[in-house]
Protein chains: 2
Amino acid sequence: MCPWGNFAACAFCKSLSVLCYRRIVHIPPGLRERKKAATRRALAEAALELAMTHGMANVTAEAIADAVDVSPRTFHNYFSSKEEAIVSLVGDSAAQLIRGFRQRPAEEPVWVALENATVEVAAKSGAGNDPKTVQQLIFIRENVPVLAHELAMMKETVDELARIVAERTGTDPHSDLYPNLQAAAAMLGTRSAVDIWLADPARTDLVQLIRQAFEQMRTGLPQPASQNGTDEDVHP
Amino acid sequence: MCPWGNFAACAFCKSLSVLCYRRIVHIPPGLRERKKAATRRALAEAALELAMTHGMANVTAEAIADAVDVSPRTFHNYFSSKEEAIVSLVGDSAAQLIRGFRQRPAEEPVWVALENATVEVAAKSGAGNDPKTVQQLIFIRENVPVLAHELAMMKETVDELARIVAERTGTDPHSDLYPNLQAAAAMLGTRSAVDIWLADPARTDLVQLIRQAFEQMRTGLPQPASQNGTDEDVHP
DNA sequence: CGCAAAGTTGCCCCATGGGCACATTGCAAG
DNA sequence: CTTGCAATGTGCCCATGGGGCAACTTTGCG
């Protein structure tokens, strides 16, 4: 039932917002599930909110729990740390990416499918230039402990993408470079694009940057810098 | 004095083994420095040793400190956590890579320089098929908290590599995709290669795998799996 | 030799993280 | 409608993490 395997045993899934999880797996929402999902999401959002306003070091699990009217012990039932709570919010995008990639038509070459799936997610969540989203992305990048958690989650995402690539192409992810390279290159291209975008979200276009990154990876990394005939829109 | 900036302000440097750091920066070793370096390294190695034998969860900072005949408080003066101590050992390779890349002749194209620097490090540290090294790499990959720390360090390494690429090519790492893509692709190719190698260290050649990964990245990611005319040595 | 700088340690405090038992609550079977 | 079950929320408790402080020790240098 898990978007990429079984939910219960998947550490990645556990760290996802349950709301997102249910949206993916289509569980009929009982009262119980709804409350749990609400609590989880509320905790995660409160964690991010508090961390962004007061700084990571000045936020305790207790404060987060209080903000949601829940016992500190309950917070630790959902998340094992502040970092995990915050990163769980970002996990939504990763799950969307995986699901989107799974659903790409089989005729599409792997690399194109990866690009389209990525662009789809980016268009929904980031390209709207929502200032709050931008702030959050920057905040996560600037906080090493949070970043570490996010990178770990990203690695799991890459592993899963590689598994799907391997299924699609009949290769073995444990002995062939191919699936890992494809998946990791896609993720890393995306990340580079987001990094550049975040430096100036108002004047650059995230989707365009992502497509550029995928294009450069597809055709091979250009040797000299000035040779990549992409653009000079940023600094003419 | 830091291999890529100033040592004191660099979180990455701080997490490095001081022994390695000094080797890079060529500080004349006073008794003080030597003792500190020895303690740091001893702590890191004890941490890894204990964690590998007893499992991550069953090792306390106190146990590590005892193993080195040092107070627990001192352990926390060097490292803020078990994970950090363990990862600091791996940081040596990262520092070597950065230093090696810096010293590559300017005539070499960026991608070639990255490949050669990477192969150089790999040839020294991993390709010897030292079973202990292999065990350590696997252990780190299997322990999520440690892995998270390692990935964070890896990201810092990529950032630094990107800065060097930018210097070499006169591009701006904040607004151009190019430096980030190059650096990240190199790191990721290496990582994929190591992953494949670790699945069967005896029957595969790490350096060869790395060169294959770089080759695939350079020529552009091959669309169909069977099209990458590299080899079929693993599963004929 | 003696002083300043740097490192080590003990002490203390608070936050973390998780095991346990008990209360509570949705849910389903009767 | 009731009653038992299973899953959650909660309080209690404790070992560990992680770091500020101040005393003490060692090292390097004049």
For [N] and [X] - does any side-chain N or O of the residue sit under 4.0 Å from the phosphate oxygens OP1/OP2?
X     : N      : value
A:Y78 : D:dG9  : yes
A:K82 : C:dT16 : yes
A:K36 : D:dT8  : yes

ask   = Of all residues at least two apart in sequence or in a different chain, which pass the salt bridge (Lys or Arg N to Asp or Glu O under 4.0 Å) check with A:E62?
value =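 For A:E62 there are no salt bridge (Lys or Arg N to Asp or Glu O under 4.0 Å) partners, ignoring immediate neighbours.
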request  = Mind checking salt bridge (Lys or Arg N to Asp or Glu O under 4.0 Å) for B:E150 and listing every partner two or more places apart, or none if nothing turns up?
outcome  =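 Scan of B:E150 (salt bridge (Lys or Arg N to Asp or Glu O under 4.0 Å), adjacent residues dropped) gives B:R191.
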ask   = In terms of the nearest nucleotide of DNA chain C, which residue is placed more toward the 5' end: A:N77 or A:T60?
value =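 Mapping each residue to its closest nucleotide by heavy atoms, the 5'-most match is A:T60.
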What is the separation between atom [atom1] on [X] and atom [atom2] on [N], rounded to the nearest whole Å?
X     : N      : atom1 : atom2 : answer
B:L43 : C:dT9  : CG    : C1'   : 14 Å
B:N58 : D:dA15 : CG    : C1'   : 13 Å
B:E83 : C:dT16 : CD    : P     : 16 Å
B:I64 : D:dG17 : CD1   : C1'   : 12 Å

inquiry  = We want to know whether B:N77 and B:T74 form a side-chain donor-acceptor pair, criterion being a heavy-atom distance below 3.5 angstrom.
reply    =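 No - no donor-acceptor pair under 3.5 Å links their side chains.
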request  = Scan residues 66-76 of chain B against DNA chain D and write down, sorted by residue number, each residue with any heavy atom closer than 4.0 Å; if none is found, say none.
outcome  =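 Within residues 66-76 of chain B, the residues near DNA chain D are B:R73, B:H76.
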query = Who passes side-chain contact (heavy atoms from CB on, under 4.5 Å) against A:E45, sequence neighbours left out?
reply =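 Partners of A:E45 by the side-chain contact (heavy atoms from CB on, under 4.5 Å) criterion, ordered by chain and then number, come out as A:R41, A:L89.
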Contacts of B:A148 that satisfy side-chain contact (heavy atoms from CB on, under 4.5 Å) - sequence neighbours left out =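 With neighbours one apart ignored, the set is A:A148, A:A152.
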message = Which residues pass the side chain to side chain donor-acceptor pair (under 3.5 Å) test with B:Q136, not counting sequence neighbours?
response =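 By the side chain to side chain donor-acceptor pair (under 3.5 Å) rule, B:Q136 matches no residue at all.
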